[in-house]
Amino acid sequence: MTFTARQLNRATLDRQMLLRREPVDVLTAVDRVVAIQAQEPASPYIALWNRIEGFDPADLDEAFVNGVVRKASLMRITLHAVTSADHEVFHHAMLPALRASRLYDKRFKSMNVTIDQADALLEHLLEFAATPRQKAEIEQLLHSHVGDVGEPGVWWALRTYGGLVHAPTGGPWSFGLRPSYQAVTTEPRDQRAAVAEMLRRYLTGFGPATVLDMNQFSMLPRTAIREALASLDLVRDGDHYDVPGRTVPDEDVVAPPRLMAMWDSTLLAYADRSRIIPDEYRKLVIRNNGDTLPTLLVDGYVAGVWRPTADGGVEATAFHALDEEHWAGLADEATSLRKLLGDREPQVYKRYARWWNGLPAHDVRIL
């Protein structure tokens, strides 16, 4: 068969637990959605609130503290929340790309630090960070070994590829503005096998998908992706790969409205963004510096954006006309979201307010 655009949309919603909230625990949900964008500390919480029936944010707090869910720089050199099992695989899969992004950058080369020196420094750092350490402590350690090398500093490189995870610091969403870092032990893995397993995991949460989609998700070279796919037992339909035994929903399956987190992975995991975002809205919700706004999902597609109001409401900006049934559904979602935010950070994402200037608002409502 050849998939229609709506079938691919419904497949994503199904695997990302967005067709219905499901009564599963946090670890199961994170495993199923595979990778949750985590640049903003609140986003993994809002992402799971959208997916888990009766979501309790304290469960995610505990998962971060216990280390069964980890926050680290992984795919696309951005922060993701993943299971500890996936972190081990994804770190090894991405390690060459993460290293190259820093060690071959002109900023690193300008520091007069060799790659061998950086690797030696990493050994010291991992020993030092056996317990959580903040940036100032780590930079002091590195300075004691190599002195002042200028900006952005050796820590800028090591924190990206060194295998460190963010340690919870408290605050409304487990991680505050002053990150703390901790080394974790990972078993050595064959890098090619790790890439293959990462792509298999990607397909469980985001398939069916193309090589270009997997390239967008990981930023790994297409040649490496094709080599890894050849080693896996997959099914293929045209350009789309998938894991065996997974079905694609009918295109007329009802998709409930959702208030999505900033940088929700569904918006960023495909080369073809129209799978979730209509082409005419892509540059509105993914800004020129990469900021990806919190969106309204209506009938499975981005239809606008949302933000909290100063008085505890939720302002919804629709880019096109929505019927009253959709508005009622969004209002129900907003009621639940206000409770989540009110207990933690009512004005979440407020530092991104500038992006609302000039949006093509067909209708704006306070929900």
Side-chain angles (χ1 to χ4, degrees), residues 3-21 37 43 46-47 49-51 248-288 290-341 346-350 352-367:
F3 302 116
T4 67
R6 281 183 66 87
Q7 281 179 309
L8 291 173
N9 170 270
R10 272 17 186 195
T12 296
L13 299 179
D14 183 34
R15 298 188 196 187
Q16 287 292 302
M17 301 171 61
L18 292 169
L19 288 180
R20 67 198 68 81
R21 286 185 172 89
Q37 290 270 157
S43 286
I46 298 174
W49 163 79
N50 270 302
R51 291 162 166 87
V248 174
D250 293 335
E251 61 181 33
D252 59 356
V253 168
V254 174
R258 290 287 184 259
L259 301 173
M260 305 289 278
M262 281 197 79
W263 284 289
D264 194 276
S265 295
T266 55
L267 307 184
L268 300 168
Y270 301 101
D272 181 5
R273 302 288 172 80
S274 68
R275 189 153 172 160
I276 298 287
I277 312 172
D279 287 337
E280 62 269 31
Y281 301 154
R282 181 172 60 84
K283 291 184 178 180
L284 299 177
V285 300
I286 302 178
R287 308 305 298 200
N288 54 14
D291 287 349
T292 302
L293 302 186
T295 55
L296 312 177
L297 213 62
V298 174
D299 188 34
Y301 293 92
V302 169
V305 294
W306 67 267
R307 61 178 175 175
T309 62
D311 61 357
V314 173
E315 178 190 279
T317 299
F319 297 152
H320 59 256
L322 304 178
D323 63 34
E324 289 304 317
E325 181 180 357
H326 289 143
W327 279 116
L330 290 169
D332 289 342
E333 292 295 300
T335 298
S336 176
L337 179 61
R338 285 200 306 269
K339 176 64 168 63
L340 176 73
L341 299 181
Q347 294 298 298
V348 70
Y349 304 145
K350 67 179 180 179
Y352 300 96
R354 68 188 184 279
W355 293 126
W356 270 254
N357 296 329
L359 287 175
H362 184 280
D363 195 358
V364 179
R365 299 191 185 187
I366 305 300
L367 304 178

Under the side-chain contact (heavy atoms from CB on, under 4.5 Å) criterion, do Asn9 and Leu13 qualify, and how do the steps go? CA-CA 6 Å; Asn9 170 270; Leu13 299 179; 3.5 Å; yes
What's the verdict on side-chain contact (heavy atoms from CB on, under 4.5 Å) for Arg354 and Asp291, showing C-alpha distance, side-chain angles and the deciding distance? CA-CA 11 Å; Arg354 68 188 184 279; Asp291 287 349; 3.5 Å; yes
side-chain contact (heavy atoms from CB on, under 4.5 Å) between Arg258 and Arg21, worked out: CA-CA 11 Å; Arg258 290 287 184 259; Arg21 286 185 172 89; 3.4 Å; yes
side-chain contact (heavy atoms from CB on, under 4.5 Å) between Glu333 and Asn50: does it pass, once the steps are laid out? CA-CA 9 Å; Glu333 292 295 300; Asn50 270 302; 4.2 Å; yes
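No donor-acceptor distance shorter than 3.5 angstrom exists from the side chain of Trp355 to the backbone of Thr292, with no hydrogens or angles considered. Under a 3.5 Å cut-off, the side chain of Arg20 and the backbone N or O of Met17 do not form any donor-acceptor pair. At distances below 3.5 Å, not a single donor-acceptor pair connects side-chain atoms of Ser336 with backbone N or O atoms of Asp332.
With rounding to the nearest 0.5 Å, the separation of OG1 in Thr12 from OH in Tyr270 is 2.5 Å. In this structure, Glu325 CD and Leu330 CG are separated by 11.0 Å, a value rounded to the nearest 0.5 Å. Here the straight-line distance linking atom CG of Asp250 with atom CZ of Arg10 works out to 10.5 Å at 0.5 Å rounding. Note: Leu268 CG to Ile277 CD1 = 7.0 Å, rounded to the nearest 0.5 Å. Atom CD1 in Ile46 sits 9.0 Å away from atom CG in Leu259 (nearest 0.5 Å).
With sequence neighbours excluded, the residues forming a side chain to side chain donor-acceptor pair (under 3.5 Å) with His320 are Tyr281, listed by chain and number.
The two residues Trp49 and Leu337 come nearest to each other via the heavy atoms CZ2-N, 3.5 Å. Looking at every heavy atom in both residues, Asp264 comes nearest to Ala47 through OD2-CB, 3.9 Å. Between Ala334 and Leu367, the closest heavy-atom pair is CB-CB, 3.6 Å. The two residues Gln7 and Val248 make their nearest non-hydrogen contact at O-CG1, 3.5 Å. A pairwise comparison of heavy atoms in Leu297 and Leu18 identifies CD2-CD1, 4.5 Å as the closest pair. Taking both residues in full, the closest heavy atoms of Ile276 and Thr266 are given as CG1-O, 3.7 Å, listed atom of the first, atom of the second, then distance.
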Only pairs under 3.5 Å count here: list side-chain donor-acceptor contacts from residues 300-319, not counting sequence neighbours, and write none if there are none.
| residue | atom | partner | partner atom | Å |
| --- | --- | --- | --- | --- |
| Trp306 | NE1 | Met260 | O | 2.8 |
| Arg307 | NE | Glu315 | OE2 | 2.8 |
| Arg307 | NH2 | Glu315 | OE2 | 3.3 |
| Thr309 | OG1 | Asp311 | OD1 | 2.5 |
| Thr309 | OG1 | Gly313 | N | 2.8 |
| Thr309 | OG1 | Gly313 | O | 3.3 |
| Asp311 | OD1 | Gly313 | N | 3.4 |

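Side-chain contact between Pro257 and His326 is absent, with no heavy-atom pair separated by less than 4.5 Å.
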